[in-house]
Amino acid sequence: MKINQTHRVNAVNPYQKQNDQQTGALGRKRKTDEVQISAEAQEMLSYSRVNNSDRAKLIDDLKQSVNSGSYHVESGKIAEKLLPFLKN
């Protein structure tokens with residue numbers, strides 16, 4: 001078997017045109033992801049935004065107590081909640 005002109009760097013690939021056509025066709029057929037939020041979920045979101053003022057006040061109070069160093073963590077309650085998970 002003899003291979004002619006091995007020094008050619010830019011040799012023509014006879015299958016390149018076919019490959020380009022296939023990848024071009026795939027590019028046109030691609031679909032994009034889409035997210036749809038139901039009416040019920042939108043209603044829940046609007047409800048949570050309306051009642052968010054109480055939660056925001058609670059969070060601000062917690063932030064202030066953590067920043068001032070007066071926030072106390074009850075280790076017994078944390079241990080009670082973790083114990084069932086650690087037993088498994």
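Values in this document were obtained by computation on a predicted structure and should not be read as measured data. By convention here, the first residue in the shown sequence is residue 1.
- Residues satisfying the side chain to side chain contact (heavy atoms under 4.5 Å, CB included) criterion with Val73, sequence neighbours excluded, are Tyr71, Ile78.
- Listed by first and then second residue, the salt bridge (charged side-chain N to carboxylate O under 4.0 Å, His left out) pairs involving residues 61-71 are Lys57-Asp61 (not counting sequence neighbours).
- For the side chain to side chain contact (heavy atoms under 4.5 Å, CB included) test, residues two or more places apart in sequence or in another chain that qualify with Ser70 are Ser65, Ser68.
- Here salt bridge (charged side-chain N to carboxylate O under 4.0 Å, His left out) pairs that include residues 76-88, with residues two or more places apart or in two chains, are Glu74-Lys77.
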Contacts under 3.5 angstrom, residues 34-44 side chains, donor-acceptor by atom type, not counting sequence neighbours:
{"from": "Glu34", "atom 1": "OE2", "to": "Gln36", "atom 2": "NE2", "distance (Å)": "2.9"}
{"from": "Ser38", "atom 1": "OG", "to": "Ala41", "atom 2": "N", "distance (Å)": "3.2"}

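- Leu86 meets the side chain to side chain contact (heavy atoms under 4.5 Å, CB included) test with Leu82; sequence neighbours excluded.
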